[in-house]
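Below you'll find the structure, written out as structure tokens, and then a few comments.
Numbers here simply count residues along the sequence, with the first being 1.
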Amino acid sequence: MESAKVYPLNLTRLDSCTAGNAPATSPKPKLLDQVRQAIRSRHYSNRTEKAYVHWIKRYIFFHNKRHPLEMAEGEIAQFLSSLATEGRVSASTQNQAFNALLFLYHQVLSRKIGLIDGVVRAKRPQRLPVVLTKDEVRRVLDRMDGAPRLMGLLLYGAGLRLMECCRLRIKDIDFSRNEVVVRSGKGNKDRYTMLPSAVRESLAQHLRGAKSQHEEDLKKGLGRVSLPNALGRKYPNAGKEWGCQWVFPAASHYTDTVTGEKRRHHLHESVLQRAFKEARLKAGVFKPVGPHSLRHSFATHLLENGYDIRTVQELLGHKDVSTTMVYTHVLNRGGKGVRSPADAL
């Protein structure tokens, strides 16, 4: 029998360990990965994460790939000014870039940023929302069908934002109380709004078809949707429950990059945007409007029908009533109630 080989003891390695040298630690995450971790730990939305990472990358490349720790208020001012003067971005876009850089320095790099002087500010134009008349709304919606038409009816009949409508789940629809619960809306706020009677029957029929599709998915070992925050870990089977399914599910599945599971996403917002544009052109409505204009029309038409502005504010989910007040200006446009001198001609 062959004797076992004897290997010499590595005394140098042993001495280094006994001397208290710690084992090699994992490398520190890259800067953008640190940004992503900080955003996810605060439960910001995926869109916020993408936007913040985008602006931080642009900031670094604008200064020839210098590390942000080597830069301060002066470099931030140069970058923001270039967005307004060269990029000609809107005021809201410039503010988003500024918030992304503040997040980078305060939350990721733990560095305080003082007063930033000399920034050329993008001008915020004073524009009123474009509103469709009741007849125009009817003509556009009549030329839509299927899920996009239902979504359009909810935007106009419940005052939903586009993504609020896309992210509706079955448990958010209450037919007995004629209510829709908007969860984690703008500002991460929940609110109640009305379920229009015009959509009840067609929506119920749509949900019956969605439930049949969900049951077929379950038979194939699928039927799971994503859940917010850590609910998927706390309740592993909740993602398959009917109440958690999307009201407007996508036609196909996707593979989650973290878990590797096949899931069904909600209908992409571009589906409604394309359908609305086609219907608008067929209806002969040439105003520069998109699906969000249905929400503007909802608020304006409620005020025309005599609803109190505070009620409209709650239905829209506005934090400040001054935001809702813009619809009173739309309501009073054209000198309503005042005769033009040309009318006497």
What donor-acceptor contacts under 3.5 angstrom involve side-chain atoms of residues 97-109, with partners at least two apart or in another chain?
from   : atom 1 : to    : atom 2 : distance (Å)
Asn99  : ND2    : Asn95 : O      : 3.2
Tyr105 : OH     : Tyr59 : OH     : 2.9
Tyr105 : OH     : Pro68 : O      : 2.8
Gln107 : OE1    : Arg42 : NH2    : 2.9

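- Atom OH of Tyr254 has more than 12 neighbouring heavy atoms from other residues, nucleotides or ligands inside a 6.0 Å radius.
- Taking the side chain as every heavy atom from C-beta outward, Ser297 and Tyr327 never approach each other to under 4.5 Å.
- Listed for the Arg295 side chain is a donor-acceptor partner under 3.5 Å among the backbone atoms of Gly159.
- A heavy-atom distance below 4.5 Å is found between the side chains of Val119 and Gln94.
- Within 6.0 Å of atom CE in Met325, 12 or fewer heavy atoms from other residues, nucleotides or ligands are found, so the atom counts as exposed in its surroundings.
- In plain terms, the two heavy atoms of Asn305 and Lys134 that are nearest each other are OD1-NZ, 3.3 Å.
- Annotation: Gln205, atom CD; neighbour count of heavy atoms from other residues, nucleotides and ligands within 6.0 Å does not exceed 12.
- With sequence neighbours excluded, the residues that form a salt bridge (charged side-chain N to carboxylate O under 4.0 Å, His left out) with Arg36 are Asp33.
- In the model, Asp135 has no side-chain atom that pairs as donor or acceptor with a side-chain atom of Thr133 under 3.5 Å.
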Derivation and outcome, side-chain contact (heavy atoms from CB on, under 4.5 Å), residues Leu141 and Leu153:
CA-CA 7 Å; Leu141 292 178; Leu153 282 169; 3.7 Å; yes
Any chance you could lay out the salt bridge (Lys or Arg N to Asp or Glu O under 4.0 Å) test for Glu136 and Arg139, step after step, and finish with the verdict?
CA-CA 5 Å; Glu136 289 171 336; Arg139 282 156 48 198; 5.1 Å; no
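- For the 3.5 Å distance criterion, the side chains of Ser45 and Thr48 qualify, holding a donor opposite an acceptor.
- Between the side chain of His318 and the backbone N or O of Asp320, no donor-acceptor pair lies under 3.5 Å.
- Counting only N and O atoms by type, the side chains of Gln37 and Arg40 include no donor and acceptor under 3.5 Å apart.
- In this structure, CG on Leu168 lies 5.0 Å from CD1 on Ile173, to the nearest 0.5 angstrom.
- In this structure a side-chain-to-backbone donor-acceptor pair under 3.5 Å is missing from Arg191 to Gly185.
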Could you walk me through whether Phe298 and Tyr156 pass the ring pair (Phe, Tyr, Trp, His ring centres under 6.0 Å) test, one step at a time?
CA-CA 5 Å; Phe298 163 82; Tyr156 177 63; 7.3 Å; no
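- Atom CG of Leu160 sits about 6.0 Å away from atom CG of Leu154, to the nearest 0.5 Å.
- When the options Arg47, Arg274, Arg161 are evaluated for a salt bridge (Lys or Arg N to Asp or Glu O under 4.0 Å) with Glu269, the one that passes is Arg47.
- To the nearest 0.5 angstrom, Lys282 atom NZ is 13.5 Å from Lys277 atom NZ.
- Two different hydrophobic clusters hold Leu227 and Trp242 under the rule that ILVMFWY side chains link at heavy-atom gaps under 4.5 Å.
- Under the 4.5 Å side-chain heavy-atom criterion for Ile, Leu, Val, Met, Phe, Trp and Tyr, Ile113 and Trp55 are members of the same hydrophobic cluster.
- Considering all non-hydrogen atoms of both residues, Pro148 and Val271 come closest at CG-CG1, 4.2 Å.
- In this structure, SG in Cys165 is found 9.0 Å from CG in Leu150, a value given to the nearest 0.5 Å.
- Residues Asp174 and Leu195 come closest through the heavy atom pair O-CD2, 4.2 Å.
- Atom CD of residue Gln273 and atom CD of residue Glu278 lie 12.5 Å apart, to the nearest 0.5 angstrom.
- Taken together through direct or relayed side-chain contacts under 4.5 Å among Ile, Leu, Val, Met, Phe, Trp and Tyr, Leu203 and Tyr192 form parts of separate hydrophobic clusters.
- Ring centers of Phe248 and His266: at least 6.0 Å apart, outside the cut-off.
- Checked for salt-bridge contact, Glu164 and Lys186 miss the test: no charged N lies under 4.0 Å from a carboxylate O.
- The neighbour count for Tyr307 OH, taken as heavy atoms of other residues, nucleotides or ligands under 6.0 Å away, does not exceed 12.
- The shortest distance between side-chain heavy atoms of Gln78 and Phe62 falls below 4.5 Å.
- Looking only at side-chain heavy atoms (C-beta outward), His296 and Val130 stay at 4.5 Å or farther from each other.
- Nearest heavy-atom pair, Arg111 versus Leu69, reported as atom, atom and distance to 0.1 Å: NH1-O, 2.6 Å.
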Check the pair Val312 / Asp308 against side-chain contact (heavy atoms from CB on, under 4.5 Å), numbers first and verdict last.
CA-CA 7 Å; Val312 178; Asp308 180 74; over 6 Å; no
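- Side-chain contact between Glu49 and Ile39: present, with at least one pair of heavy atoms (C-beta onward) separated by less than 4.5 Å.
- Hydrophobic clustering (side-chain heavy atoms under 4.5 Å, transitive across Ile, Leu, Val, Met, Phe, Trp, Tyr) keeps Leu162 apart from Val181.
- Side-chain N or O atoms of His206 include one that pairs as donor or acceptor with a backbone N or O of Val247 at under 3.5 Å.
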side-chain contact (heavy atoms from CB on, under 4.5 Å) between Val321 and Arg310, worked out
CA-CA 7 Å; Val321 72; Arg310 291 288 184 178; 3.7 Å; yes
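- Between Leu207 and Ile170, some side-chain heavy-atom pair lies under the 4.5 Å cut-off.
- With Ser81 contributing its side chain and Val120 its backbone, the two residues share a donor-acceptor pair below 3.5 Å.
- Of all the heavy atoms in Leu272 and Met151, the pair that sits closest is CD2-CB, 3.9 Å.
- The number of heavy atoms from other shown groups lying within 6.0 Å of CD (Glu70) is above 12.
- In this structure a side-chain-to-backbone donor-acceptor pair under 3.5 Å is missing from Arg143 to Arg280.
- Lys171 places a side-chain heavy atom less than 4.5 Å from the side chain of Arg183.
- For Arg208, there are no salt bridge (charged side-chain N to carboxylate O under 4.0 Å, His left out) partners two or more places apart in sequence or in a different chain.
- Glu261 contributes no side-chain N or O that, together with a main-chain N or O of Asp256, makes up a donor-acceptor pair within less than 3.5 Å.
- By the criterion of side-chain heavy atoms lying less than 4.5 angstrom apart, applied directly or through intervening Ile, Leu, Val, Met, Phe, Trp or Tyr residues, Val225 is not grouped with Leu231; the two fall into different hydrophobic clusters.
- Both tests hold for Arg169 against Trp246: distance to the six-membered ring centre under 6.0 Å, angle to the ring axis within 45°.
- Using a cut-off of 4.0 Å between Lys/Arg side-chain N and Asp/Glu carboxylate O, Arg66 and Glu75 are scored as salt-bridged.
- Of all heavy-atom pairs between Lys240 and Leu222, the closest is CE-O, 3.9 Å.
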Would you check, one step at a time, whether the test side-chain contact (heavy atoms from CB on, under 4.5 Å) holds for Leu294 with Val137?
CA-CA 8 Å; Leu294 294 173; Val137 171; 4.3 Å; yes
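- Residues Val131 and Ser293 fail the side-chain proximity criterion, which asks for heavy atoms closer than 4.5 Å.
- Remark: Glu241 CD to His214 NE2 distance equals 8.5 Å, nearest 0.5 Å.
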